[in-house]
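Let me begin by presenting the structure, written as structure tokens, before commenting on it.
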Amino acid sequence: MYGNDFGPPEEAPGGGLLGEVEAAEAALREAAARQRRGAPASDDDLAGYFAEVIEADQKIEPRDWMPEKYRKTLIRQIAQHAHSEIIGMQPEGNWISRAPSLKRKAILLAKVQDEAGHGLYLYAAAETLGVSRDELVDLLLNGRQKYSSIFNYPTLTWADVGAIGWLVDGAAIVNQVPLCRCSYGPYARAMIRICKEESFHQRQGYEILHSLSHGTPAQKAMAQDAVNRWWYPSLAMFGPPDGESTHSAQSMAWKIKRFSNDELRQRFVDMCVQQAEVLGLTIPDPDLRWNEERQAYDFTQPDYDELMRVISGDGPCNRQRMAHRRRAHAEGAWVREAAAAYAAKRAAEKKEKVAA
Amino acid sequence: MSDPSPLWEVFVRARRGLSHTHVGSLHAPDAELALRNARDLYTRRQEGVSIWVVPAGAITASSPDEKDAFFDPAADKVYRHPTFYEVPDGVAHL
């Protein structure tokens, strides 16, 4: 953990988001101990048994029977999540060679490596549903599966690295913490791992912004500019408003999803206001104000037409991100081939030795 | 040749005295690379002191299709549990 020289005390482990992750982990163990009949009685009972496991807040595991649509929904969601982690390395990777100090560079490298790791955990979770990682990578490369629209925005200054950590990773955590309680075991376990690591990401971003906003006027202006550009795209990360969200109802019933898009967006805004005050930066929303009646902040919704445009491929960096990923995949082919050839050679040598 | 980069299951011993626990899986062309990848992927934060990698295809698993029958033999052997036995009052160290 880097930089504990800021942040209110309730962010300490045990409280806040890390506390929620721990609570989800405890709930997982508790639910597993709950008494329930051990297996479906017959083939006619499969759906009933599946519903019982979900009802008891227990986990569906890879070899259990599950509705085909549950499997498909999970594959789509986990794959898009994995793709987002992989594409998400690009905006920040853009600044590794230009980080302002060796310390910042080492931290950013570690963070981008974590994103790759998160992508790999998630591809592995998706593979338990009977799809191969190669298939999923192909779906990404030929544009048939999407990644989070946020990564189609450019990182213009060093402060953007801070804003991504604070706002983008912050929004991702708010989205992901409930997924630690997802009904599908391998996904829930991957998310617990990921959320614990994301907490470092969010704090490193916050620390970058804190340093800048307490630096020279030019540095503070740079931090404010980054927050101005990343605020609304971060709000859009929670997806379309509840009325227009197509996948939500069924996913909620299956406990893949636990809260609606709008609930999570509200939670994020409510968290950010105080954090922005400590930074001394302004959230770029003139209509942001506390609503005593709702006990929550009123705020301006992001531009959902823009979100739809970016999702459909017309954001500032969509083409660049995909071109880069395709090139990296193609240029890495020789490494994969060399490793496979070496493994084959070694296996053949072993066989010969045994024969001799 | 079969899959050039097959799936491996990864088990990590978190600390001395604990057993290896399944932490996830990964792809690698051979055991040596699987071990190195497992180190990079699953122990970036000192999560372990020892790693096992096992080809996923080498694992034989019980199937939920077998329903209750597979685990039935254990159900009627309550005498395997210490709580089955009545200990007379006044007996110590038992």
Side-chain angles (χ1 to χ4, degrees), chain A residues 1 37-43 45-46 49-50 53 60-66 109-111 113-114 116-128 132-134 137 185-187 189-190 192-194 196-197 199-200 333 335-348 350, chain B residues 1-12 14 20-48 51 53-78 81:
Chain A
M1 186 79 52
R37 64 199 176 104
S42 70
D43 282 351
D45 183 35
L46 292 172
Y49 183 74
F50 172 85
V53 173
I60 302 298
E61 296 295 342
R63 293 163 71 90
D64 289 336
W65 179 90
M66 61 188 86
L109 262 175
K111 182 182 182 226
Q113 189 193 20
D114 271 355
H118 296 174
L120 292 176
Y121 303 154
L122 288 164
Y123 283 128
E127 282 190 300
T128 63
S132 80
R133 189 174 78 190
D134 289 344
V137 169
Y187 191 29
R189 291 191 287 273
I192 287 174
R193 233 188 141 76
I194 289 172
K196 286 181 176 173
E197 299 185 355
S199 165
F200 135 56
V335 179
R336 296 190 291 275
E337 282 160 19
Y342 180 70
K345 194 176 108 185
R346 288 276 299 264
K350 224 183 234 169
Chain B
M1 202 186 126
S2 54
D3 187 353
S5 194
L7 196 65
W8 300 74
E9 299 298 334
V10 182
F11 299 78
V12 170
H20 285 75
T21 306
H22 183 241
V23 292
S25 47
L26 51 78
H27 286 275
D30 61 25
E32 200 181 323
L33 270 177
L35 208 52
R36 282 169 183 275
N37 290 353
R39 179 202 57 191
D40 292 344
L41 190 55
Y42 290 107
T43 62
R44 284 196 302 282
R45 288 174 174 73
Q46 299 177 296
E47 287 97 334
I51 301 176
V53 290
V54 181
I59 292 177
T60 308
S62 68
S63 167
D65 295 348
E66 290 159 21
K67 310 219 171 53
D68 281 338
F70 193 70
F71 296 101
D72 259 358
D76 59 357
K77 296 181 182 59
V78 282
H81 298 279

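Within every chain, numbering begins at 1; the chains are lettered A, B, ... in the order of the sequence lines, protein sequences first and strands thereafter.
Atoms OG and CD, on B:S5 and A:E337 in that order, are 12.5 Å from each other to the nearest 0.5 Å. To the nearest 0.5 Å, the span separating CG on A:D134 from NE2 on B:H27 amounts to 6.5 Å. Interatomic distance, B:R45 CZ to A:K196 NZ, rounded to the nearest 0.5 Å: 11.0 Å. For the atom pair B:D40 CG and A:Q113 CD, the distance stands at 6.0 Å (nearest 0.5 Å).
Proximity to chain B (any heavy atom under 4.5 Å) is shown, for A:E61, by neither the backbone nor the side chain. In this structure, no portion of A:R336 lies under 4.5 Å from any heavy atom of chain B. Interface remark: B:L26 contributes no atoms to any contact with chain A (heavy atom separation under 4.5 Å). Interface remark: A:D114 contributes backbone and side-chain atoms alike to the contact with chain B (heavy atom separation under 4.5 Å).
Across all their heavy atoms, A:A124 and B:S25 have their closest contact at CB-OG, 3.5 Å.
Of the charged side-chain nitrogens involved, none lies within less than 4.0 Å of a carboxylate oxygen, so that A:K345 and B:D30 do not count as a salt-bridged pair.
For B:R44 (side chain) and A:A110 (main-chain N/O), no donor-acceptor pair under 3.5 Å exists by modelled atom type. Under a 3.5 Å cut-off, the side chain of A:Y121 and the backbone N or O of B:L41 do form a donor-acceptor pair.
No more than 12 heavy atoms of other residues, nucleotides or ligands shown are found within 6.0 angstrom of NZ on A:K350.
Ranked by heavy-atom pairs shorter than 4.5 Å toward chain B, the options A:R346, A:R189, A:R193 are led by A:R193.
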